[in-house]
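Everything on this sheet refers to the single structure shown next.
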Amino acid sequence: MTPRAELREPSRDELAAAQQVVDLFAAEALLALDRYERSFPAAATDKPRRTADRLAHWWRRLDVDDVRLDPHGTDAEQILAKAVEMSVDPDNEWGVSLEEASAQAVNQAAIEGRTLPVSSIADLRKQFDDAYGGRADVPSRDDEWLARSLTRFARASVLRDVVAEGAHVRVSGPLREAADDLVRQGQQLMDDRMNLARRQEAPTSRREVLLRQARMTSAFFAYTMAVGLTGAPMWAELAMKVPALAVYAKGTSDAWMDHSNAVATRLDPAQAQLRSVRTGLADGLDTPAPATRRDTRALRNQTPRPGQSR
């Protein structure tokens, strides 16, 4: 029996969810290449050539030439598409820098009348750190991170194409199920990203700490006034006031320290959830998609290559 998913067109939300996963690992591939590029001395003249060789090496070794690099995709995918194009171009003797690939992706989008990519590599670095709180589990070796990210990107791209084609292409049940699972995880990724964005935008109120400070200040001055009314000698008043001052100072310090900790950790739950979702996606995509030769032929025949129309 034909799976029900083949009998309908994908919804906009399903396509967006699948695209989110592709974007995730396109960005990570760029960040891995960026880390490799930045490992060279600033004055190294062979950096562009070696960066291009590294990307071309893994692109060919992983045999991902059939992956559809979508020039209409997200900013990360557009930049990656241009970086790959420059790296595998036999006539490009200079090489590639991610800054140049980003600039050319913008130029190409402008020429073709498409929405311009607005994210730079620096933006992608910041987004990655903000999303995971600087605690994402990534390989220490640039080569390993690049290879893993490209592999996950390639497999996610195939599943995205299954989702995008919907009823227009007949694929095996296991591949369709893998695509449906990618959509479910992608939707969770979208929800968790929105949750983090809301937490980032929400102002952290200082009302509670200010009220706590006011109560401590009132209590301290009330105590010192009471001590002054006792008529005790000066040395006795000081002996009673000094411990109270120490308690007041410590209470003030603790109140503002608690506030600072609350500000610093308010994003932790959302970032931990994103790390969990990313791990689940990575684990799923580390297993090859259950695509048969028939599936591959069907997708290749159905899915237009970049620059072509159906």
Side-chain angles (χ1 to χ4, degrees), residues 13 16-17 20-21 23-24 27-28 31 34-35 38 74-76 118-140 145 184-283:
D13 288 345
Q20 286 276 313
V21 181
D23 174 67
L24 173 68
E28 289 204 23
L31 292 175
D34 171 61
R35 198 170 70 178
R38 289 188 292 123
T74 62
D75 292 358
V118 295
S119 297
S120 66
I121 299 301
D123 293 330
L124 294 179
R125 281 199 300 266
K126 184 178 185 306
Q127 291 165 12
F128 189 79
D129 288 339
D130 289 346
Y132 307 115
R135 296 201 294 268
D137 182 19
V138 299
S140 57
W145 191 15
R184 285 191 292 271
Q185 290 180 294
Q187 288 170 335
Q188 184 65 57
L189 177 65
M190 292 173 66
D191 290 344
D192 291 338
R193 282 178 166 175
M194 289 179 62
N195 180 41
L196 177 62
R198 284 194 295 266
R199 285 175 175 263
Q200 289 171 328
E201 293 172 0
T204 303
S205 174
R206 297 193 298 173
R207 182 174 181 273
E208 184 178 344
V209 69
L210 291 174
L211 288 174
R212 183 176 169 185
Q213 177 75 56
R215 288 194 298 268
M216 290 188 298
T217 301
S218 297
F220 174 71
F221 280 109
Y223 176 77
T224 56
M225 288 180 64
V227 168
L229 293 174
T230 62
M234 181 66 70
W235 63 267
E237 283 192 22
L238 287 175
M240 289 185 283
K241 289 180 180 178
V242 167
L245 180 60
V247 170
Y248 172 74
K250 185 178 185 308
T252 299
S253 175
D254 290 347
W256 286 101
M257 182 67 72
D258 290 344
H259 175 73
S260 297
N261 289 338
V263 172
T265 62
R266 69 192 172 96
L267 303 180
D268 283 358
Q271 290 168 337
Q273 178 62 26
L274 273 171
R275 290 195 297 270
S276 176
V277 172
R278 174 185 175 272
T279 298
L281 283 165
D283 289 345

Asp192 side chain vs Leu274 backbone, donor-acceptor pair below 3.5 Å
no

Taken to the nearest 0.5 Å, the spacing of Gln185 CD from Leu24 CG works out to 11.0 Å

Stepwise side chain to side chain contact (heavy atoms under 4.5 Å, CB included) test for Leu196 and Gln271
CA-CA 7 Å; Leu196 177 62; Gln271 290 168 337; 4.0 Å; yes

Counting N and O atoms only, with roles assigned by atom type, does the side chain of Ser218 sit under 3.5 Å from a partner on the main chain of Arg215, one being a donor and the other an acceptor?
no

Might you point out which heavy atoms bring Val118 and Asp123 nearest each other, and give the distance in Å?
O-OD2, 3.7 Å

Over 12 non-hydrogen atoms of neighbours within 6.0 angstrom of CG in Asp283
yes

Pairs of donor and acceptor atoms involving the side chains of residues 124-134, under 3.5 Å and at least two apart or interchain, shall be tabulated with distances.
from   : atom 1 : to     : atom 2 : distance (Å)
Arg125 : NH1    : Asp34  : OD1    : 3.1
Arg125 : NH1    : Asp34  : OD2    : 2.9
Lys126 : NZ     : Asp130 : OD2    : 2.7

Under the criterion side chain to side chain contact (heavy atoms under 4.5 Å, CB included), I'd like the reasoning laid out for Gln273 against Gln188: C-alpha separation, chi angles, the key distance, then a yes or no.
CA-CA 10 Å; Gln273 178 62 26; Gln188 184 65 57; 4.0 Å; yes

Taking all non-hydrogen atoms of both residues, which atom of Asn195 and which atom of Ala270 are closest, and how far apart?
ND2-CB, 3.8 Å

Distance in Å, Asp191 CG paired with Gln20 CD, rounded so as to fall on 0.5 Å steps
10.0 Å

Return each pair, listed once, that meets salt bridge (charged side-chain N to carboxylate O under 4.0 Å, His left out) where at least one residue sits in residues 270-282; pairs must be two or more places apart or across chains.
Glu28-Arg278

Return yes if some donor-acceptor pair links the side-chain N/O of Asp23 with the main-chain N/O of Thr74 below 3.5 Å, else return no.
no

Between Ser276 and Ala272, is there a donor-acceptor pair closer than 3.5 Å when you use the side chain of the first and the backbone of the second?
no

